[in-house]
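This structure is a prediction, so every number in the text was calculated from the model and none was measured. The figures here come from the full heavy-atom set of this structure, side chains too, leaving out hydrogens, waters and symmetry mates.
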Amino acid sequence: MLGCLCDHPHDNTPELLSARIAVFDTEAVAAALEALEQDSYVLSAGDHWSLTRRGWLAARACEQQVA
């Protein structure tokens, strides 16, 4: 989820994120985003989500581990 928001910051609604990561349960995606928000990885504004600094760092760290 963090990587998706990092790579595609404009696809930032549960519906768009669920389609991008092929999880078609938007309620599950919304719940995951809320959990990430509690851990300070994302912020919400209405139905739109964005990475915090902590979220960007975590997404980049995961990206480097894969490469």
Within-4.5 Å side-chain heavy-atom neighbours: L33 and L17 = yes
Does any N or O in the side chain of T52 come within less than 3.5 Å of the main-chain N or O of S40, such that one atom is a donor and the other an acceptor?
-> yes
Carefully, step by step, assess W49 and E34 under the rule side chain to side chain contact (heavy atoms under 4.5 Å, CB included).
-> CA-CA 10 Å; W49 295 84; E34 289 171 12; 4.1 Å; yes
Transitively linked via ILVMFWY side-chain contacts under 4.5 Å: V23 with L36?
-> yes
Could you grab the distance from atom NE2 of H10 to atom NE2 of H48, nearest 0.5 Å is fine?
-> 11.0 Å
Please name the pair of heavy atoms, one in Y41 and one in R54, separated by the smallest distance, quoted to 0.1 Å.
-> OH-NH2, 3.3 Å
Do the non-hydrogen side-chain atoms of L5 and D11 ever get within less than 4.5 Å of each other?
-> no
How many angstroms lie between OG in S50 and CD in E37, if you round to the nearest 0.5 Å?
-> 9.5 Å
Linking I/L/V/M/F/W/Y whenever any side-chain heavy atoms sit under 4.5 Å apart, do V42 and L16 land together?
-> no
What is the minimum heavy-atom distance between S18 and V29, and which atoms define it?
-> CB-CG2, 3.6 Å
Any link between L2 and I21 through a network of hydrophobic side chains (Ile, Leu, Val, Met, Phe, Trp, Tyr) touching at under 4.5 Å?
-> yes
CZ on R20 to CG on N12, rounded to 0.5 Å | 11.5 Å
